[in-house]
Amino acid sequence: MKAITFAAGCLFASSALAQENVLTVYAGDYVVSEWGPGPKIEEMFEARCGCDLQFKPGDLLPRLLLEGERTEADVVFGLNTDVTKKARESGLFAPHGVDLSPLTLPIDWTDDTFLPYNYGETAFIYDTTRLPEPPTSFDALLDAPDDLKIVIQDPRSSISGLAMALWVEAVYGDEAEEAWRKLAPKILTVTKGWSESYGLFTDGEADMVLSYTTSPAYHIIAEDDHTKKALIFPEGNYFMVELAAKVATTDQPELAQQFMDFILTPEFQQMIATGNWSFPAALPHEQWPEGFKELELPSKVLFYSEDEAAALRDGAIEAWRRGLSQ
Amino acid sequence: MASRPVAVSAAIAAAGLILALVLGPVVAVLTRAGGWGTLGPGDWQALRFTLLQSLLSAFFSVVLAIPVARALARRRFVGRGLLISLLGAPFILPTIVAVLGLIAVFGQNGLVNEALRALGLPGFSIYGLHGVVLAHVFFNLPLATRLLLQGWLAIPAERFRLAASLGLSPRAMFRTLEAPMLLRIAPGAFAVIFVICLSSFAVALTLGGGPRATTVELAIYQAVRFDFDLGRAALLSVIQLCLALAAGLVALRLGTGGGFGAGLDRMVTRWDGRVGLPRIMDAAWIALAALFLLTPLGMVVARGLPGLAQLGAGSWEAAWNSLTVALASTLLCLAWALPLSTRWGEWVGLVGLAVSPLVLGTGLFLIVRPFANPLSLALPVTTLVNALVALPFALRILRPEAEAVRADYARLAMALGLTPLAWLRLVLLPRLRRPLGFAAGLTAALSIGDLGVIALFADPERATLPLQVYRLMGSYQMEAAAGAALLLLIFSFGAFWLCDRGGRANVDA
């Protein structure tokens, strides 16, 4: 801990006395809300470590890159594969040192720096009462009548929007721009982030929304509503994973390691499904919570490694922009 | 002037603080980036669209505000005061809430399209440039209306009495009294609305329907959040700043012309337009504006009521944080605005609104970082940034009347040898009570409603209400989020109303 940060902490933070044994975790903003997984993670981990876990929410990677090696973060929680290349190149992260054999991801994962904790796939969510006969494939979606209205997210401001650009790229390749052009009349609008899109969908403004294969689990478990379904396309759905990583300059290496080890334990994995409304990264299907078990899983999972994604990204976004600009 | 040296040095200090707060972060970002970035192919398209939508939005907001403000200025009816206050509410809503409210009215399944369908008429789509302009008019028509209404109310009653006794026709009265006032007030209102719309992002994207509606602010967001290309972010934000300053300069050139001289500070009574067509037209304008502005608000309230019960302790704590920040920002903003209430002061003040919040946040983060933990400074920084962003509005509201007071009473004050403090206490502040109340209300409301906490400074223990709305939505809690949004509306409107009423306490109406 830098002395000056410590002094400032004493001045401003209410929990200044607890600085001794503190694990600082930078996390995505949604994690720390009272409805997110943050409070549960904090409670479970503090019971194990006898320490104080402090979540610092906000822009993960920009903040970390701004701070560089002087960061006070010990662990970063909530990165996605589309930024891992930039994160890896910064040299700020240390190997996680966790045995990856418990992983139950639909793809192979051998990364020694970024550790998955939950995953999902991009999918369009629809309401069976409003749309009894949804398109059953990506092709069928492109050919659907134009009065079928969908909302998506902007690939330049949203992770899920970027995943969709890569999804179209993976399915249509050179024809991606043409695919976007066919989709254009059906796109009611493009929003900055996932929340706005999903709000439009639940308000009944759009028939389908770009979200995740796991979204229906929320409605089933929290609302006992079985009418929200994810479209599974035979062309495949695009894999999205959320990752944690240990910061190399951590002043709490033991605590940080303990936290990394904690992530793949059944206790954490049982919690994260309903805590973050995602598939647990290391839990056999039969141990998933009820509600998750009844979800239809993709027959084919599409995924670009971080190097492939970095190479394709600008082209995929440009195809999106041109296809929708006409 | 009461005491020129004191006033001038206060103005220089206040202006210097603004420039330091805006340029400091831009320079910090540039230094960190190691130079300017380059513009991409989409950036020119974004720049064109940003300019187009800002010009259209500012134009329609001001032009439509003229008949509405005129009608409100010359009509007296039960509930007029409340209506004027309520009309201010759209301006203070956080964008995400307002957008969902607008879509509930104008969207695919909104009230308007339902009504059209019931009548067997074809529906219409809000998504496109017209939707962006509609939303910006929804936000800014109230501001323009209030600014113009103030202009009308600042015309001394004696002038209208004279016009009536001279038997001036409505057209002659417009030419001699109202047109000069409009020429003085409208360019400034146009400039400030143009500048707000320049940095629009989520509204433009959501209602614009796709990448055609890309704004410069989105490009900055992408550069900072996704590409970590700080040089490009700095370049784009400087372009945005220059556009705003150019608009401000044009307004400064146009918005000149003298005031009306001093009157006896009495309530204005109007003799014109009491019967016949003008009366019907006025009623129609007021009804239309109220319908346009209040229906989406009604939808926000209706959607939020069921969610209110679901709000946890976190939301109430966030509400408390928002209120304390708002109080501090308001005081800071008014103290900042008073010495700057001149033409050049207003121009300088515009930069606070024109700088990209994302670049401002990143720069402040870089500046603060070596000295203190930015997270623990979340609330003070939010307070400061909110005051900075609200400053152009406060100045727009205060400046015309502050100048009028100086023009009308400065000689008298000098003859009496008033000290600066006595001038402030006896002359300036009492005369400015109405605009001060309005400015305070607007600042407080903006501060509660603004997502001013730049994401880099987000503090888990001290969320503000708008942040809470986003967090709830991000966790599928759409109903609770609607409840929190309603809470936000209640608090920000409450703060606005209290200050605004306070300012008008002794005015007979």
Side-chain angles (χ1 to χ4, degrees), chain A residues 4-5 7-9 11-14 27 29-30 32-36 38 54-59 61-63 65-67 70 72 82-83 86 149 154 156-157 162 184 187-196 198-200 202-206 215 218-219 222 277 318 320-322 324-325, chain B residues 32 41-42 45 96 99-100 103-104 107-110 125 127 201-202 205-212 214 218-219 221-222 224-226 228 303 312-314 362 365-366 369-373 375-377 455-461 463 467-468 470-478 480-481:
Chain A
I4 197 143
T5 321
L11 275 174
F12 296 109
S14 48
D29 208 48
Y30 63 90
V32 299
S33 99
E34 56 194 308
W35 300 94
Q54 291 185 0
F55 277 112
K56 305 285 179 191
D59 284 348
L61 197 59
R63 186 160 87 210
L65 293 177
L66 285 176
E67 293 176 340
R70 292 185 309 165
E72 56 167 309
D82 45 60
V83 294
K86 196 144 257 167
K149 290 298 178 194
D154 194 314
R156 299 166 301 178
S157 59
L162 180 57
I187 293 176
L188 183 69
T189 192
V190 177
T191 66
K192 173 186 169 186
W194 176 90
S195 303
E196 291 94 334
Y198 213 79
L200 287 178
T202 52
D203 281 358
E205 178 69 5
S215 297
Y218 169 77
H219 299 282
W277 302 110
E318 196 50 24
W320 168 84
R321 195 177 72 82
R322 279 202 306 268
L324 295 192
S325 285
Chain B
R32 176 61 205 261
Q45 192 194 352
I96 188 170
V99 166
L100 291 178
I103 287 175
Q108 296 290 107
N109 294 313
S125 168
Y127 303 97
F201 166 10
L205 185 66
T206 307
L207 291 173
R212 268 160 303 180
T214 298
L218 187 142
Y221 185 89
Q222 187 190 10
V224 173
R225 297 271 318 246
F226 267 52
F228 201 67
R303 285 161 32 97
T362 309
F365 184 89
L366 286 169
R369 175 74 198 158
F371 306 105
N373 180 357
L375 293 188
S376 55
L377 289 178
L456 283 170
F457 286 91
D459 180 328
E461 315 291 325
L467 198 60
Q468 186 73 6
Y470 277 90
R471 283 181 181 169
L472 286 171
M473 285 190 84
S475 314
Y476 288 96
Q477 304 299 317
M478 301 295 165

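Throughout, protein chains are lettered first and strands after them, A, B, ... in sequence-line order, and every chain is numbered starting at 1.
Looking only at heavy-atom pairs under 4.5 Å with chain A, the residue among B:Q45, B:Q477, B:M478 that has the most is B:Q477. The candidate from B:A481, B:S125, B:G209 with the greatest count of non-hydrogen atom pairs under 4.5 Å with chain A is B:G209. In terms of heavy-atom pairs under 4.5 angstrom with chain B, the leader among A:L162, A:L200, A:L188 is A:L188. Comparing A:R322, A:E318, A:E67, A:K149 by heavy-atom pairs within less than 4.5 Å of chain B, the highest count is held by A:E67.
In this structure, chain A has a heavy atom under 4.5 Å from the side chain of B:L218, while its backbone stays farther away. For chain B, the nearby part of A:W194 is the side chain; its heavy atoms alone come within less than 4.5 Å. Both the backbone and the side chain of A:Y198 come within less than 4.5 Å of a heavy atom in chain B. At a 4.5 Å heavy-atom cutoff, the contact between A:T202 and chain B is made by side-chain atoms alone.
Not a single donor-acceptor pair under 3.5 Å links the side chain of B:R369 to the backbone N or O of A:L66. Panel note: side chain A:E205, backbone B:Q108; a donor-acceptor pair is recorded below 3.5 Å.
To the nearest 0.5 Å, the span separating CG on A:L65 from CZ on B:F228 amounts to 4.5 Å. In this structure, B:F201 CZ and A:K192 NZ are separated by 4.5 Å, a value rounded to the nearest 0.5 Å. Separating the CG atom in A:D154 from the CD atom in B:Q222 is a distance of 7.5 Å, to the nearest 0.5 Å. For the atom pair B:T362 OG1 and A:R63 CZ, the distance stands at 12.0 Å (nearest 0.5 Å). For the atom pair A:W35 CH2 and B:Q468 CD, the distance stands at 10.5 Å (nearest 0.5 Å).
Counting only N and O atoms by type, the side chains of A:R156 and B:T214 include a donor and acceptor under 3.5 Å apart.
Closest heavy-atom contact between A:L324 and B:P211: CB-CG, 3.5 Å.
Ring orientation note: the planes of B:Y476 and A:H219 are nearly perpendicular, at an angle over 60° on the 30°/60° scale.
With contacts defined as side-chain heavy-atom distances shorter than 4.5 Å, the pair A:D203/B:R303 qualifies. Between A:T189 and B:L205 the shortest side-chain heavy-atom distance does not fall below 4.5 Å.
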